[in-house]
Amino acid sequence: MEAVLTRHLDPTAPLGLPAYQANGGYRSLTAAFDLKPEALIKIVEDANLRGRGGAGFPCGLKWRLRGTDAPRPRYLICNLDESEPGTFKDRHLLYGGPHQIIEAIIVSAYALQAERSIIFVRGEYAKGGNSLSRAIKEAETAGLIGSNIGGSGFDLQIEVHISGGRYICGEETAQINAIEGRRPNPRPKIPRPSVKGLWGQPTTSNNVETLVNVPHILLNGADWFRNLGVNGGCGSKLFCVSGKVQHPGLFELPIGTTARELIFEHAGGLAKGRDLLGFIPGGASTAFLLPKHLDVPMDFDPIAKAGSRFGTGCIIVFDDVTCPLQATLNLIRFFARESCGFCTPCRDGLPYLAQILTTIAAGQGQANDLSLLEELCAMIGPQSFCAFAPGAVMPLVSSLQCFREHYERHITTGHCPFDTVNKKGA
Amino acid sequence: MLGIIRIDGHEIPFEPGDNLLKVALAADVDIPYFCYHAALGSVGACRLCAVEIMSDDPDKVPRVAMACLEPASDGLEVSVSAPAAQQVRQRVIEFLMINHPHDCPICDEGGECHLQEMTVACGPAYRRYQGHKRTFTNQNLGPLVHHEMNRCITCYRCTRFYQDYALGDDLGAMRLRNEVYFGRFQDGPLESPFAGNLVEICPTGVFTDAIFRQHFTRVWDLKTASSICPHCSVGCNILPGARDGTLRRVRHRPHPEINRWFICDRGRYGHQYSEHTARPLTPRVAGATITYRKALIAATEQIKAAGDRIGGLGSIREDLEGNALLRALLNNLNGIFSAFNDPELEAATITAVNRIQNSDGTPSLTEMEQVDAALILGDLTAHAPMIDLALRQAYRRGAQLTVLHNGPTPLTQFAVTTLPVPPHEMGAYLSRLHERITASPASKDVQDESTAEIAERLAAARRPLLIGVVETLAASEIIALAQLATALGTDARLAYALPGANAYGAALLTLASRKTTTILEAIETGQIQTLIVAGTDPLGDTRLGSRWRAACQRLNTLIVLDCIATTTTAAADILFPVAAWAERGGTFVNYEGRAQGFAPAFKRLELLPSTAEVIADLVQCLDLYLPDAPAVLSEAFPGYQAPVPGSAGSLMPVHPLPTHIDTATRSDHEHHHKHWQAALTTWYGDEELASFAPALMKLAPTATALISPAAALNANIEEGAQVKLRGPVGTMTLPVQLDNRVADGTVALTRMALVQLGVGHGDLLELEPVS
Amino acid sequence: MNTKHNRQDLHSFLSQHPSIHPERRAAAVPIMQALQKERGYLNDAAIEEVAHLTGLSTTEVEELATFYTLIYRYPVGRHVVQICDSVCCSIRGADELLVAAEKYSGVPLGAVTPNGALSVLPSICLGLCDRAPAALVDGEGLGPLNKVGLEALLRSLGEED
Ligand SMILES: Cc1cc2nc3c(=O)[nH]c(=O)nc-3n(C[C@H](O)[C@H](O)[C@H](O)COP(=O)(O)O)c2cc1C
Ligand code: SF4
Ligand code: FES
């Protein structure tokens, strides 16, 4: 497949405004301004562009549901907080070419008739965020941002917010609180941000990868976009592969590409002599899959059918000398540490899980620990306040299913079966 | 009524927009919860209120949802007892108990711990978690509230009350995950006048009553009774608790139209006055302690000797019964009675009560929360703290507040316009505002923008409130405020913060103004020989203390009844210590004219009669006949029935009060360049009784002379410089503090400073820098 | 450091920023970041300064400051090395790197070397999983790291004055 989103990405020398424009950049603005905003939304809907931030909500539908009579000012938030372990696609977009992001925001904001946009950049990407701010200034000077852009009558301000740093700030309502200068706890589901979001105004949040697709869809059409996918998928996707592969990296490929192709063709496969134990398909908050799932198309519905979530589409690979219990414990610790502390199941339940797993890992597990873990997960996931904790327990629940015998061996033998493997392997 | 939901078979009607938890609790159907609070609403943090909700579709499995976040809808089938919901609640308790210390036997919350109750109600009974508990260090939050963070279950109620409801900003949620810490930036006393409510808002023992802790008793051992707060005219309903003849604590008691779930810190901690070491507990005659009987005989002799040359001072903090009986006794003896010791306060209070009685009724606290604009004259936080809290709720709902003040007042933080007005100019300002509201558009003076703005805001409001602090207003200004209300039309509401818990009753019993002056002059001319003073301190008055002191030198006998040690009790020839409010029954009439009864919570070991009882005993010794207090009151106020303690109270019948008031009450001395106007500046803990509460007094601001930066510049005085103040009675030197909330030409001083100088609010004094 | 001058800078920063936010509290995190850039970390005086500039109380500022990973309320070295301890890095050797980092820097994780030059902080996933095990060195991504490279890095940063 021809590179679409990554065509002009170059982290060592990202294109400045003139070069970007010389390569066809910002062409979508004129195309967009020729259309009515509703027509633009229609194209995005037809393209079946689904959110790349994790939940996979159809982007066009989200925009349409915001409504055309929403009060002003309206906000568009570009979510570039990427903190999901295993996920680094947004970093490539940010460091590789800021103007692509700005162009996407202008066109998307026009579709939404949102006059204010904020790009929420994770604190660890501050350097990229600063380059992005400079690129925004460049674009402003060139009249691409500001009032009455290109004589279209459309006004837009764009601002970069560099996060103070917390995984939960990626959750859209927590992010709104963070931008407002409040503690970034998630907000209740009602009212929805599209009704009352940032500063009480209608607010639309999208992942940066979702947005950068929009100019290309606009220029090439919905059908073109749909045809980019394979195995029934729509569009191209920035896939990440990391973990125990020879060449971890970012690969732009059709949605629907299989994990087998991603891992073995693009990421160089596993080290010599190693077998695949399992993989996580969509970032740390998705369920483990097994080698038998290698041929499932990497797309929202097929991965869900296989029992996991497509999430961010970023694969973490585990080989046969990696202890799945240790890996899962690492994930649970991560989530326990990043819990915002608002609701009980997440705040106090996740450290409880971590404590039990730690005991098992230390060879002091009890026979009923596994059922206790399952019992606790069954409550923590569904009964917490936001989507953080359901995501947090997914890898554990699936790990307990996929790798049960490994857990049991920790308990029965009183030590980690992989310790000896690793020592032999070393 | 929009519909019916069914909870485990109970049919419960609901109001549209209510959530399941609220609906259930209102119908006395129990759903366990922690983070929900009627005043604070639902946030869905604790996840304890899990219930099962049946689907319309019988093939679908029921879902578990949080009752506090689930809107009630007609026909909804809800189960609290469903095993799935019980499971969730049990897990929540298990999680909350992971880090909770097992220190229940020594915990101050014991006996009223919501966590303990929920743990018993929901389980689990046994602990499974084997790891370490996380621990915190506590903060010193000042003398009133004790901090024990390890007991926290992170329900966020404290900050939601403190920040969101009471609009304080020095208590917050720090950190995250299972390390969320509720505290201050640094150790230090909580600054909110409502901080003590944390003690009741917190469902566990994180925030506990620091005073109660010092002589702690298990709460089930406390003797309690329905009572009314004695510390201001709002009349919050409270529950004093005593053990072994001493008062240990005060908590709120809900009154649906007054304080509902809260009280202020003066109300919660002021009670320490009744345990003050200096409190008089044995009768004294000529300085020597004596039995009650002998004191009665001594007093009887003196009263008999005085014949009709007798006067009596009742009090704005004395209950209706004590005041009424004293008045009846004096009527019987042909003596003179007033319930005031300052003619200006007398005129102001009587005028205010008159205006309230002539209005359509003064708003309750809950009604004040609904106003959309308010004009506030004076410092409500110090004079009626819970009215301040009610107006903070109005502000949260979008009400626009305008504050006219002489000195600093916390409500200015939330006001759209605040205007410092010197005491002498308040009347003129109000008439300008009146003109502006009533004048035809053409004649409006365009010069005075802020007046125009205020007038327009009030005129545009749907439900404006006009409220004044009587202690810092002259009678003429009180009338002017009422006239503004009339000018604004029938939707405008009028209220006054009166100067004492029973000031309203005192005004009704005093009837005519100038009574106080008559008594004072009669003493000065020797026409009064014996003075009976019940529950007031004329000799310690700010403006007239020295005059009273001189006058009382001429008396044959000064008979004093009180429960605190004052300048007047010290000067008494015959002293009757009386029961403090929690030790007796009685009635207070609040700022609305609502008579509320209070019952005795306990008896002290010492024999301490109430004021009414002392007077009844005197009557008997004098061989007179007087009916009992209820009879005296129903004779004085036809239709009056003593309100039952614990009831909602009843409005006092309308009673004729003088309508004409001397207007020239402010001392209109010639203006001299050295003359400044004194303004009383005080704080929420300051009140005659509460000033004997040691812990509360630790928070009293240090005495300074507050002046505005502009005035300081004019007079060439710098911040921190010492100035000498000279009043008619004395002088004192104070450091200057600049504050732009002080009006021009005004120096704001504490009550103690006013007493020492011998000036009242609005009086003139001299101020000069100490070279 | 001339705080008066900085105060002025911050005031002008505040007046420009944030242009599209109706409330001043939105500037709290940007101001904290700006102060931290100058001073390394935020001490109590800095929190008071942020409170002054935003109109928030010190407690309200602290509520925010203590939530965020990248707002330091404790001293850090002039160079900050954040080593990722999340899953992708962990299974590629980050755990040993973190242990080794204490040895090479001579101080526990989170502490500052005696000369004030260096702090090593464990971090959640840095978004550098394609370069695992990875680190951020003064905000610049680095990886894949091995012990030899880490030792050289920490020694050179730690010796700088
Ligand atoms: C705990 C949590 C963390 C999240 N982090 C991110 C993130 O870092 N980046 C992101 O784009 N979306 C993140 N999301 C998803 C957002 O809430 C939101 O769904 C997304 O930004 C919507 O954009 P999209 O529809 O374009 O995917 C997170 C969600 C949760 C529950
Ligand atoms: S599940 Fe609860 S504690 Fe966890 S991040 Fe969401 S709101 Fe915060
Ligand atoms: S897991 Fe380490 S950088 Fe991603």
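Below, each value reflects all heavy atoms present in this structure, side chains not excepted, and no hydrogens, waters or symmetry copies. Every chain is numbered from 1 and lettered A, B, ... according to where its sequence line falls, protein lines coming before strand lines.
- For C169(A), the part lying near chain C is the side chain, with the backbone staying farther off; criterion is any non-hydrogen pair under 4.5 Å.
- In terms of heavy-atom pairs under 4.5 angstrom with chain C, the leader among R337(A), K127(A), R91(A), R333(A) is R91(A).
- Only the side chain of Q33(C) comes within contact range of chain A, with heavy atoms under 4.5 Å apart.
- Residue A178(A) touches chain C through both its backbone and its side chain, counting heavy-atom pairs closer than 4.5 Å.
- Considering only heavy-atom pairs separated by less than 4.5 Å from chain C, the leading option among R166(A), Q326(A), R122(A) is R166(A).
- When heavy atoms are compared at a cutoff of 4.5 Å, I162(A) approaches chain C by way of both its backbone and its side chain.
- Residue contact with chain C, scored on non-hydrogen atoms closer than 4.5 Å, involves the backbone and the side chain of A327(A) alike.
- Using a 4.0 Å cut-off between charged side-chain N and carboxylate O, E151(C) and K147(C) make no salt bridge.
- Under a 3.5 Å cut-off, the side chain of T113(C) and the backbone N or O of L118(C) do form a donor-acceptor pair.
- Proximity to chain C is limited to the side chain of I316(A), based on heavy atoms less than 4.5 angstrom apart.
- Both the backbone and the side chain of K244(A) come within less than 4.5 Å of a heavy atom of chain C.
- A centroid separation of less than 6.0 Å is found between the aromatic rings of F418(A) and H406(A).
- For a residue to count as touching a neighbouring chain, one of its non-hydrogen atoms must lie under 4.5 Å from one of that chain's; by this rule R182(A) touches chain C with backbone and side chain alike.
- Heavy-atom distances place both the backbone and the side chain of P184(A) under 4.5 Å from chain C.
- Within the 4.5 angstrom heavy-atom criterion, atoms from both the backbone and the side chain of I91(C) approach chain A.
- For NZ of K196(A), the number of neighbouring non-hydrogen atoms (other residues, nucleotides, ligands) closer than 6.0 Å is 12 at most.
- If you measure heavy-atom distances from Q36(C) to chain A, you find no contacts under 4.5 Å at all.
- Ionic pairing of R25(C) and E180(A) is not present here: no N-O contact between side-chain nitrogen and carboxylate oxygen is shorter than 4.0 angstrom.
- Looking only at atom types and distance, the side chain of H92(A) has a donor-acceptor partner in the side chain of D130(C) under 3.5 Å away.
- To the nearest 0.5 Å, atoms CG (L289(A)) and CZ (F279(A)) are separated by 4.5 Å.
- Interface check for chain C: of the options H247(A), R183(A), E82(A), the most heavy-atom pairs under 4.5 Å are formed by R183(A).
- Residues R39(C) and E49(C) are paired through a salt bridge, judged by an N-O separation under 4.0 Å between the basic side chain and the carboxylate.
- No salt bridge links R74(A) with E115(A); every basic N to acidic carboxylate O contact stays at or beyond 4.0 Å.
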